[in-house]
Number of protein chains: 2
Amino acid sequence: MNNRSNTRQQLLEVSADLLCRRGFSGFSYQDLAQQLGIRKASVHHHFPQKADLGLALCDWTEQWLLQGFEHFDRQGNGAVDRLQRYLRASAKHAFNGDRQCPLSALNSDMPQLPEAIQERLRQLSHTELDWVTGVFRMGLDNGELQDHSPGEADPRAMARLFIFTCKGALFYARLQGQEYFTQSMSLLLQQWLPDTHDNHNTATGITV
Amino acid sequence: MNNRSNTRQQLLEVSADLLCRRGFSGFSYQDLAQQLGIRKASVHHHFPQKADLGLALCDWTEQWLLQGFEHFDRQGNGAVDRLQRYLRASAKHAFNGDRQCPLSALNSDMPQLPEAIQERLRQLSHTELDWVTGVFRMGLDNGELQDHSPGEADPRAMARLFIFTCKGALFYARLQGQEYFTQSMSLLLQQWLPDTHDNHNTATGITV
DNA sequence: CACAGCCAACCTACCAGTAGGTAGGCTGGT
DNA sequence: ACCAGCCTACCTACTGGTAGGTTGGCTGTG
């Protein structure tokens, strides 16, 4: 029984893991070969240049993201619940093994990446932003969320702030303590909950 | 006239710049030597191991931070103005030359850094958090800021959220567009402004 | 003053290790 | 016969780091 290029898939999965742990320039073909028990030249057979692997990792990441979003949409009940699932998944991914999200990882050494990957990366972050924006729009529409700022609420701006904060918190919480990720995201979400009496009841408070 | 170890200072400055642009493992002694017009071995004379340079960079960064904070304290008028100065300085640093803040840069390749540097890094992020916390406490005390969430306002939690968001926004705005940094930080700050009629007047709105 | 000694700062020349990448050969399934 | 998949063997470039030598300015001492 041959693996019928199972190896390629395994390479992608190991790469994705190493990417999150050490960044794109933080792992080598040697690392990949070692973990799969093959030789370095064999890795080059599947991904001739490391840039090819980079592109493939972008595709892999996109699938990973979309699969997550689909899951949150299926299981989630309303906007706030979806966001909380997103946050819980993010925290689990990051803190089980000291990883970053693959997007942040690629973003880290973006300046020295080929232009093709940079463009793909912009596209990826757009995909994520689109989903979160959709969730915020849903929350604003059904009254789960509201923006107390003057003017009309802008779900895209809120989503952007949400993502920026989430990524920053994941990043810094590795250093300062995981509990601060939860704390910060709760504090952010709190401020978008509508003003109700229940809001002062911890039972309905945001718990990520 | 000898430089009387001017070289060491220059090495630190070039290192700090390269750190922000490419991360700690993203530049080499060869790079430093080239930029100063000396040989690689001479760099080793000043910093025998790269870890020594790392530690020295932490000290350098601390001075850089403290100097900035002192500046904001002297020039700033109240809490919100201080925060805005902090944000403007951050944006200027980051977007003039596609740099990260040195703390984020070190944080990026933290896992593969020696323990001594990791500890120093925790200390550094504490220094930053302390200053921002102080500013938030000032703002809460003098009524410039308020937290609409239930329970007593926690200036440290607010400061943490502020910093996380700022770092995340700096990081992601390189990819998505600088203007979103300003937009997001404004949106965050807006929600901590007290509810006044003026708040609906754009003239007194937050502009970073 | 002259001179010896010291030392920071720099140099050339090297090391082992690893990076990404290539050339070409073997093998087993279709 | 073909070819994906894997191999050995190799390349160049570069990494952090070391050994050992040269220079030239400061210093204390006769």
Side-chain angles (χ1 to χ4, degrees), chain A residues 1-19 21-58 105-106 108-118, chain B residues 1-19 21-58 105-106 108-118:
Chain A
M1 291 294 122
N2 194 6
N3 282 343
R4 194 59 190 175
S5 200
N6 186 345
T7 302
R8 191 193 145 94
Q9 193 56 30
Q10 285 186 52
L11 276 172
L12 279 173
E13 275 157 28
V14 172
S15 295
D17 187 63
L18 285 174
L19 170 69
R21 288 182 205 278
R22 307 198 224 142
F24 189 68
S25 21
F27 71 92
S28 69
Y29 273 28
Q30 187 62 44
D31 296 325
L32 298 178
Q34 223 154 351
Q35 287 216 23
L36 263 77
I38 60 176
R39 302 292 139 176
K40 198 169 56 124
S42 310
V43 181
H44 278 281
H45 170 73
H46 294 279
F47 304 100
Q49 320 252 5
K50 210 184 177 187
D52 299 322
L53 176 59
L55 252 344
L57 271 175
C58 288
L106 283 167
S108 278
D109 24 19
M110 190 195 39
Q112 44 214 339
L113 255 39
E115 181 57 41
I117 297 189
Q118 294 193 27
Chain B
M1 289 294 125
N2 192 7
N3 282 344
R4 194 61 189 174
S5 199
N6 186 346
T7 303
R8 191 193 145 94
Q9 193 57 31
Q10 284 185 53
L11 276 172
L12 280 173
E13 275 157 29
V14 172
S15 295
D17 188 63
L18 286 174
L19 170 70
R21 288 183 204 278
R22 305 198 225 144
F24 188 68
S25 20
F27 70 92
S28 70
Y29 273 30
Q30 188 61 44
D31 295 325
L32 299 178
Q34 224 154 349
Q35 287 218 23
L36 263 76
I38 60 176
R39 302 294 138 176
K40 196 169 58 114
S42 311
V43 181
H44 277 282
H45 169 74
H46 293 281
F47 304 100
Q49 318 253 6
K50 211 184 176 187
D52 299 321
L53 176 60
L55 252 344
L57 272 175
C58 288
L106 283 167
S108 278
D109 23 20
M110 189 195 42
Q112 43 214 342
L113 256 39
E115 181 58 42
I117 298 189
Q118 294 193 27

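Residue numbers begin at 1 in each chain, while the letters A, B, ... track the order of the sequences.
Nearest to the side-chain atoms of H45(B) among the listed nucleotides dC6(D), dA8(C), dC11(C) stands dA8(C). Closest approach to the H44(A) side chain among dC11(C), dG21(C), dA23(C) is made by dG21(C) (side chain taken as heavy atoms from C-beta onward). In this structure, of dA19(D), dG17(D), dG21(C), it is dA19(D) that holds the atom nearest to the side chain of A41(B).
Y29(A) has its OH atom 22 Å from the P atom of dC11(D), to the nearest Å. Taking atom CG of N6(B) as the reference point, atom C1' of dA8(C) lies 14 Å away to the nearest angstrom. Taking atom CD of residue Q30(B) and atom P of nucleotide dC14(D), one finds them 8 Å apart after rounding to whole Å. With rounding to whole Å, D109(A) atom CG is found 12 Å from dG20(C) atom P. Counting to the nearest Å, the C1' atom of dG16(D) and the CG atom of D52(B) are 12 Å from each other. As rounded to whole Å, 14 Å separates atom C1' of dT15(D) from atom CD of Q34(B). Here dT22(C) presents its C1' atom at 17 Å from CZ of R39(A), a figure rounded to the nearest Å. For the pair D31(A) CG and dG20(C) C1', the computed distance is 13 Å after rounding to whole Å.
Contact of the F47(B) side chain with the R8(B) side chain is registered, since non-hydrogen atoms from C-beta on lie closer than 4.5 Å. Between L53(B) and V43(B) there is no side-chain heavy-atom pair separated by less than 4.5 Å. At least one side-chain heavy atom of F24(B) sits under 4.5 Å from a side-chain heavy atom of K50(B). When side chains are defined from C-beta on, Q35(B) counts as touching L18(B), because their heavy atoms get closer than 4.5 Å.
Among the protein residues, F47(B) comes within range of no part of the nucleic acid, since none of its heavy atoms lies under 4.0 Å from any strand.
Side-chain nitrogen and oxygen atoms of T7(A) include none within less than 4.0 Å of the OP1 or OP2 phosphate oxygen of dG5(D). Distances shorter than 4.0 Å separate none of the side-chain N or O atoms of S28(A) from OP1 or OP2 on dT18(C). Taking side-chain N and O atoms only, S42(A) has no distance below 4.0 Å to OP1 or OP2 of dG5(D). Taking only side-chain nitrogens and oxygens, Q49(A) never comes nearer than 4.0 Å to OP1 or OP2 of dG20(C).
Scanning all heavy atoms of the two residues, the minimum distance from G23(A) to D109(A) falls at C-OD2, 4.0 Å.
Scanning atom types as modelled, one donor and one acceptor separated by under 3.5 angstrom connect the side chain of K40(A) and the base of dG20(C).
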